[in-house]
There are 2 protein chains.
Amino acid sequence: MGNESHSRNSSQPTWMGVRDAIHTRILRRDYGPGARLPRDEELAGEFGCARTTVQRAMRDLQDRGLIERRRKGGTWVRHHPLTRATFEIPVIRQEVEEKGCTYGYQLVHQAVAMPPLEVQANFGNWPTEPMLQVQALHLADHRPYMYEDRWLCLQTVPALGTVDLSRQSANEWLVHHQHYDRCDLRLYAHKVTAHEAGLMGVASAEAVLVLERTTWIESRLITSVRTLTRPDYQLLATT
Amino acid sequence: MGNESHSRNSSQPTWMGVRDAIHTRILRRDYGPGARLPRDEELAGEFGCARTTVQRAMRDLQDRGLIERRRKGGTWVRHHPLTRATFEIPVIRQEVEEKGCTYGYQLVHQAVAMPPLEVQANFGNWPTEPMLQVQALHLADHRPYMYEDRWLCLQTVPALGTVDLSRQSANEWLVHHQHYDRCDLRLYAHKVTAHEAGLMGVASAEAVLVLERTTWIESRLITSVRTLTRPDYQLLATT
DNA sequence: TTGACTTTTATGTTCATGCTTAATATTTTA
DNA sequence: TAAAATATTAAGCATGAACATAAAAGTCAA
């Protein structure tokens with residue numbers, strides 16, 4: 001079962017070896033759900049390694065949602081081990097080109113306006129101000145691949161006022177000129193409207209995955225974007 | 001901007017302090033996209049800390065997808081910092097009860113059969129065998145909350161043959177009796193069929209989020225489940 | 001030029017030790 | 001008895017030093 005595969009040799013356990021050993025014990029219910037694990041020091045003694053090594057193993061198990069650690073409290077096996085899925089949200093051009101397609105871009109609409117309430121809902125306390133709305137299509141081999149409806153904060157990124165968004169996507173400009181340090185994400189299914197269906201070239205009322213992203217830099221709003229994918233789009237998780 | 005908030009004091013930077021300092025430099029393009037960072041040792045010298053501390057900071061930045069590290073190669077700022085979103089897939093009963101609703105369960109269909117090709121697609125090399133199919137509804141306050149279409153591997157978990165799945169959901173039984181060490185996940189939008197719409201109590205052709213999960217234990221298939229959520233269901237990411 | 005070997009190098013891992021800190025138990029006080 | 005002060009505990013953090021390892025660069029020969 002490979003629970004020894006992470007040790008250099010049997011007398012010198014690596015942190016992965018320790019992790020796997022403890023993981024196995026949890027799976028085998030030697031340490032059952034809700035149970036308290038021995039102190040790091042004891043385990044270190046048992047495995048014949050330093051406490052640092054046990055700690056490294058424990059951090060990994062904690063990151064995977066298997067255990068919970070509290071100062072003084074100790075270490076506990078979670079009652080319901082979390083299933084934590086990590087998706088990588090791709091940079092669109094890159095994703096398209098990696099599929100061997102030609103990337104294209106087409107501006108649909110651009111205007112300064114007041115964001116509607118459902119968009120403002122993503123902004124928390126950020127004051128309501130007119131923003132730059134940009135609707136655009138991302139193309140793969142000249143066919144619609146993704147539609148985005150974006151609101152840009154000109155207060156935070158004034159430079160955007162001077163960018164020609166009919167030639168370059170806001171997405172791309174931002175990637176190159178404006179980093180963020182916070183990103184809120186929301187994912188849901190959506191029945192496309194007739195207008196959206198026309199733009200995307202899909203049947204009306206088709207179900208598509210929507211990815212809503214709001215990014216910030218140093219607590220200042222940058223942009224909020226709602227992305228419609230194609231009906232067959234799938235997001236794969238790497239656990 | 002809080003980049004000093006993680007230091008105990010200015011002369012003794014913690015690993016979070018070092019991390020934030022480097023992060024800031026990346027945001028400010030002192031270390032631009034694709035740039036190579038100084039060696040850990042140099043940075044340690046600069047920050048006046050041990051190499052271990054720099055390493056801890058670096059690992060965090062790496063986990064966040066901001067940098068890439070290679071042995072011998074060194075440390076590099078990623079050209080396109082990854083947006084890595086982490087979702088927590090909830091245990092259904094728990095999720096329902098946390099919303100203050102009563103959890104309920106209702107078996108819809110159960111039979112041993114050959115899984116169709118689109119289900120087998122999730123199984124990789126796993127040999128094609130008859131499996132136990134279970135279709136069931138999860139209820140919140142007696143109203144449909146989630147519909148699952150599940151295939152269970154009786155070879156890997158023979159005990160399932162003796163469980164009364166009209167009283168207890170397979171989900172719940174598995175959580176309590178069968179852990180997994182691998183979980184493949186797939187997420188997409190789906191237009192509900194008339195049959196599904198009837199079961200879920202939603203309008204026909206409504207768009208819903210589908211969560212497909214396949215779990216394994218020690219390289220042996222446990223189960224593959226396709227979960228339909230309600231149309232208004234949203235998955236929130238914690239970045 | 002190509003392929004096989006060797007050296008170099010920056011990250012990766014482990015260790016022993018000491019201190020810090022948050023949470024919990026215990027004791028004291030009102 | 002409850003609230004406040006205090007002690008204890010187990011994880012968290014930092015250090016310096018040593019060794020491991022994979023990948024890159026360099027060397028050499030066919």
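Proteins come first, then strands; the chains are lettered A, B, ... in the order of their sequence lines, and each starts at number 1. Here the structure is a predicted model, which means the values were calculated and not measured.
Arg36(B) pairs by the side chain to side chain donor-acceptor pair (under 3.5 Å) definition with nothing, not counting sequence neighbours. The side-chain contact (heavy atoms from CB on, under 4.5 Å) search around Glu46(A) returns Arg25(A), Leu43(A), not counting sequence neighbours. Qualifying side-chain contact (heavy atoms from CB on, under 4.5 Å) partners for Pro81(A), counting only residues two or more places apart in sequence or in other chains: His179(B). Scanning for side-chain contact (heavy atoms from CB on, under 4.5 Å) contacts around Ala50(B) gives Thr52(B), Thr53(B), with sequence neighbours left out. Residues passing the side-chain contact (heavy atoms from CB on, under 4.5 Å) test with Val157(B) are Leu160(B), Trp173(B), Gln178(B), Ile222(B), sequence neighbours excluded.
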Between the protein and nucleotides 9-11 of chain C, list every N/O to N/O distance that falls short of 3.5 Å.
unit_1: dT9(C); atom_1: O4'; unit_2: Lys72(B); atom_2: NZ; d: 3.1
unit_1: dA10(C); atom_1: OP2; unit_2: Arg39(B); atom_2: NE; d: 3.3
unit_1: dA10(C); atom_1: O4'; unit_2: Lys72(B); atom_2: O; d: 3.3
unit_1: dA10(C); atom_1: N3; unit_2: Lys72(B); atom_2: N; d: 3.4
unit_1: dT11(C); atom_1: OP1; unit_2: Asp40(B); atom_2: OD1; d: 3.3
unit_1: dT11(C); atom_1: OP1; unit_2: Thr75(B); atom_2: OG1; d: 3.1
unit_1: dT11(C); atom_1: OP2; unit_2: Asp40(B); atom_2: N; d: 3.0
unit_1: dT11(C); atom_1: O2; unit_2: Arg71(B); atom_2: NE; d: 3.4

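Note: CG (Asp60(A)) to P (dT14(C)) measures 12 Å, nearest angstrom. To the nearest angstrom, P of dA23(D) lies 12 Å from CD of Glu68(B). A straight line from CZ of Arg56(A) to C1' of dC15(C) spans 15 Å, rounded to a whole angstrom. Straight-line distance from the CZ atom of Arg59(A) to the P atom of dA14(D): 11 Å, rounded to whole Å. Between the CE atom of Met16(B) and the C1' atom of dT20(C) there is a distance of 13 Å, given to the nearest Å. Taking atom CG of residue Leu43(A) and atom C1' of nucleotide dG12(D), one finds them 16 Å apart after rounding to whole Å.
In terms of phosphate contacts, Thr52(B) brings no side-chain nitrogen or oxygen within less than 4.0 Å of OP1 or OP2 of dC13(D).
Here Thr53(A) lies in heavy-atom contact (under 4.0 Å) with sugar-phosphate atoms only.
Ion pair Asp60(A)/Arg64(A) flagged as a salt bridge, since at least one NZ, NE, NH1 or NH2 atom sits closer than 4.0 Å to an Asp/Glu carboxylate oxygen.
Closest to the Cys49(A) side chain, of the nucleotides dT15(D), dG12(C), dC15(C), is dC15(C).
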